[in-house]
Amino acid sequence: MKRTHYSSQITPEMNGGSVTVCGWAHEIRDLGGITFLIVRDREGLVQVTLFKKTIDKNLLEIVRNISRESVVTVTGNVKKEAKAPNGYELVPTDIKVLGKAESPLPMDTTGKVDADLDTRLDVRFMDIRRPHTQAIFRIRHLILNSIRDFMDREGFIEITTPKIVATATEGGTALFPITYFEREAFLNQSPQLFKQIMMSAGLDRVFEIGPIFRAEEHDTRKHLNEATSIDIEASFLDNQDVMVILENLVQRVYSDVAETGSKYLRTLGVELEIPGIPFKRITYDEAISIASDSGDNIEWGDDLSTESEHYIGKTIGEHYFIIDWPTKIKPFYALPYENRSQVCRAFDMMHPRMELSSGAQRVHSYDLLRRRITEQGLNPDGFDFYLKAFRYGMPPHAGWGLGVERLLMTMLGIENIREVVLFPRDRRRLSP
RNA sequence: GUCCGGAUAGUGUAGCGGCCUAUCAUGAGGGCCUGUCGAGCCCCCGACCCGGGUUCAAAUCCCGGUCCGGACGCCA
């Protein structure tokens, strides 16, 4: 019962050797005199071949009674065979059913019949058995690996900050209220405040990969109520510096995935184009001017509409930055320019289809920060724990947050963000 | 939240007033078959979202509800 090999580790050269594989009964093809059992494991498929004339009758009986998608373990001898899919097949000496699958199945796993996304999400465990769906999450893993490696080389320390917080909001988005013993608390909208506090702590460069929660009732293909954010914060760097880190990271992630994930990219039919750096930088003023070419007149100080975002994306055609945003539509911690305070040192990093990241050089002066909080209509009292870190030696710093799901979906050309989350949380879906 | 589209066997679909005892594929059950690899062939099983209405007649038209998809809005 103990696995000796994954399907991908067996080769025709192992001819005559005995192996044990564990997996799911992907398909059973009974041709009468010869029966094939296709076993699927995480890495691929193995063909198990039973010849009626020579095989143990009990084994044949077991195989003929296996329902599709049951969990099986097969011990057998590798037989080099040109007619078999990978140049070899397994002639079994022992087959056990470890977990019987009911039938009919709630969805097809072989790729013969499509299923709606809604159906697939209801039985996500089965959906992920499909190589296509699994490939998405294998690539997600490669992306996260690549990011951690990149950050480590750049001198960033990985941190984890609380997801249960007392502050109602940093502004903008609505939060999910929860009960924390006898008090009201919230699920964190981002690690923003805590990663900044780490700058005062002297950690110099930090990053976090973790969940963020937004209680907005959005209903689109690019929004989630629970998402994963990659956040960085770095001292003694400005907005320009962290933009360079960001574009380098994105390029690195693409090239790492192209290199280590070719098998999964092939499964998904994706040809990765590695973005060139530096990414184009356009100012907010230039962005609204481009948008006006499409007939969408955005008043200075308003956020970009979805339509304009698409139009600008199509015009530029590759990853780009929008810089120098109006101070009033960016959060209080974005640093206004000294000589032109209605504009701030904030940036958004865009994929032609959508925003992937936003960041800024931060306000590090206590007095200014306190004023900015008030100007944005928030009460500084709720920010005491945060403001305190600015009173005893806060270095200048900058950072950004990047959405993992959006990075993944734009990389793979996937339309709906729910496809790239194991168990998506949206306006209506809370289970599974 | 607004607008548009949709809901038919386990899954994916066709049908859009009578030709419906509802199409096709896949699947489930049974049978034949020694090289399948989306196996093939034969038999068989399984469905019109819920409620109301129009009509001689409703899967089909109308109204309400629920759910799903898309666009927009909302969204450091």
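Per chain, numbering begins at 1; letters A, B, ... match sequence-line order. The figures that follow rest on heavy atoms only: side chains count, while hydrogens, waters and symmetry mates do not.
- P85(A) comes within contact range of at least one nucleobase, with a heavy-atom separation under 4.0 Å.
- Taking a 4.0 Å limit (strictly below) on heavy-atom distances, residues 107-132 of chain A reaches RNA chain B at K112(A), V113(A), D114(A), A115(A), D116(A), D118(A), T119(A).
- Computed from coordinates, the H218(A) NE2 to A71(B) P distance equals 14 Å when rounded to whole Å.
- OP1 or OP2 of C68(B) sits under 4.0 Å from a side-chain N or O of R428(A).
- Shown for residues 31-45 of chain A: residues whose heavy atoms fall under 4.0 angstrom of RNA chain B, namely L31(A), G32(A), G33(A), I34(A), F36(A).
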message: As a quick check of understanding, evaluate ring pair (Phe, Tyr, Trp, His ring centres under 6.0 Å) for F279(A) and F347(A), giving each step before the final call.
response: CA-CA 12 Å; F279(A) 294 167; F347(A) 57 86; over 10 Å; no
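- As judged by a 4.0 angstrom heavy-atom cut-off over every strand, K52(A) is placed among residues making no nucleic acid contact.
- Sorted by first and then second residue, the salt bridge (charged side-chain N to carboxylate O under 4.0 Å, His left out) pairs involving residues 241-250 of chain A (not counting sequence neighbours) are E247(A)-R281(A).
- A donor-acceptor pair is defined here as one N or O able to donate and one able to accept, closer than 3.5 Å; no such pair exists between the side chain of W400(A) and the backbone of A360(A).
- Of the candidate nucleotides C33(B), G35(B), G70(B), G70(B) has the atom lying nearest to any side-chain atom of R221(A).
- When each of D231(A) and R418(A) is assigned the nucleotide of RNA chain B with its nearest heavy atom, R418(A) is the one assigned upstream, toward the 5' end.
- Separating the P atom of U11(B) from that of C50(B) is a span of 15 Å, rounded to the nearest Å.
- U23(B) makes up no base pair with any nucleotide shown, lacking Watson-Crick or G-U wobble contacts both under 3.5 Å.
- Taking atom CD of residue Q47(A) and atom P of nucleotide G38(B), one finds them 11 Å apart after rounding to whole Å.
- Residue pairs meeting the salt bridge (charged side-chain N to carboxylate O under 4.0 Å, His left out) criterion with at least one partner in residues 305-328 of chain A, sequence neighbours excluded, are K222(A)-E309(A).
- Rounded to whole Å, the separation between the P atoms of U60(B) and A9(B) comes to 15 Å.
- Here, A59(B) and U55(B) have their C1' atoms 16 Å apart, quoted to the whole Å.
- One finds a salt bridge joining K330(A) and D348(A) here, because a Lys/Arg side-chain nitrogen approaches an Asp/Glu carboxylate oxygen to under 4.0 Å.
- The nearest whole Å value for the distance from the CZ atom in R429(A) to the C1' atom in C68(B) is 10 Å.
- Under the 3.5 Å distance criterion, the side-chain polar atoms of T35(A) are left unmatched by any main-chain donor or acceptor of L31(A).
- Of all nucleotides present, only G18(B) satisfies the Watson-Crick or G-U wobble test against C56(B), with each distance under 3.5 Å.
- Comparing the same atom, P, in U36(B) and in C49(B) gives a spacing of 42 Å after rounding to whole Å.
- When the C1' atom is used for both C44(B) and C56(B), the distance is 37 Å, rounded to whole Å.
- Contact check on D127(A) versus R124(A) returns a salt bridge, with a Lys/Arg side-chain nitrogen under 4.0 Å from an Asp/Glu carboxylate oxygen.
- Using a 4.0 Å cut-off between a side-chain N of Lys or Arg and a carboxylate O of Asp or Glu, E208(A) and K163(A) qualify as a salt bridge.
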Please report, to 0.1 Å, the donor-acceptor pairs under 3.5 Å made by any side chain of residues 51-61 of chain A, with sequence neighbours excluded.
{"residue": "D56(A)", "atom": "OD1", "partner": "N58(A)", "partner atom": "N", "Å": "2.9"}
{"residue": "E61(A)", "atom": "OE2", "partner": "N65(A)", "partner atom": "ND2", "Å": "3.3"}

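- In this structure, E419(A) places its CD atom 13 Å from C1' of G69(B), rounding to the nearest Å.
- Residues forming a side-chain hydrogen bond (donor to acceptor under 3.5 Å, both in side chains) with H5(A) (at least two apart in sequence, or on another chain): none.
- Rounded to a whole Å, the CZ atom of F213(A) is 17 Å from the C1' atom of C75(B).
- Contact of E27(A) with G38(B) (side chain to base): no donor-acceptor pair of N or O atoms is detected under 3.5 Å.
- Nucleotides G29(B) and A22(B) have their C1' atoms positioned 22 Å apart, rounded to a whole Å.
- With respect to the salt-bridge test (charged N to carboxylate O, under 4.0 angstrom), the residues R429(A) and D118(A) qualify.
- Using a 4.0 Å heavy-atom criterion, one finds that K328(A) contacts no nucleic acid atom at all.
- A346(A) comes within 4.0 angstrom of no nucleic acid atom, judged by non-hydrogen atoms across all strands.
- Among G73(B), G35(B), A28(B), the nucleotide with an atom closest to any side-chain atom of T220(A) is G73(B).
- Toward the 5′ end of RNA chain B lies the nearest nucleotide of D219(A), the other residue of the pair D219(A) and S190(A) mapping further downstream.
- Rounded to whole Å, the P atom of U2(B) lies 11 Å from the corresponding atom of G65(B).
- Figure legend. C72(B) is base-paired to G1(B); pairs are counted as Watson-Crick or G-U wobble with both atom distances under 3.5 Å.
- Per the geometry, CZ belonging to R427(A) stands 17 Å off P belonging to C74(B), to the nearest Å.
- Dashed line: the shortest gap from a side-chain N or O of N416(A) to OP1 or OP2 of G70(B) is under 4.0 Å.
- Straight-line distance between the C1' atoms of A57(B) and G73(B): roughly 45 Å, to the nearest whole Å.
- Heavy atoms of H26(A) sit nowhere under 4.0 angstrom from any nucleic acid atom.
- Using the Watson-Crick or G-U wobble rule with both distances under 3.5 Å, G40(B) pairs with C32(B).
- As rounded to whole Å, 12 Å separates atom P of C74(B) from atom CD1 of I329(A).
- Donor-acceptor pairing under 3.5 Å is lacking for the side chains of H223(A) and E216(A).
- Phosphate proximity of G35(B) to R29(A): absent, as no side-chain N or O sits under 4.0 Å from OP1 or OP2.
- One can place NZ of K222(A) at 13 Å from P of G70(B), the figure rounded to the nearest angstrom.
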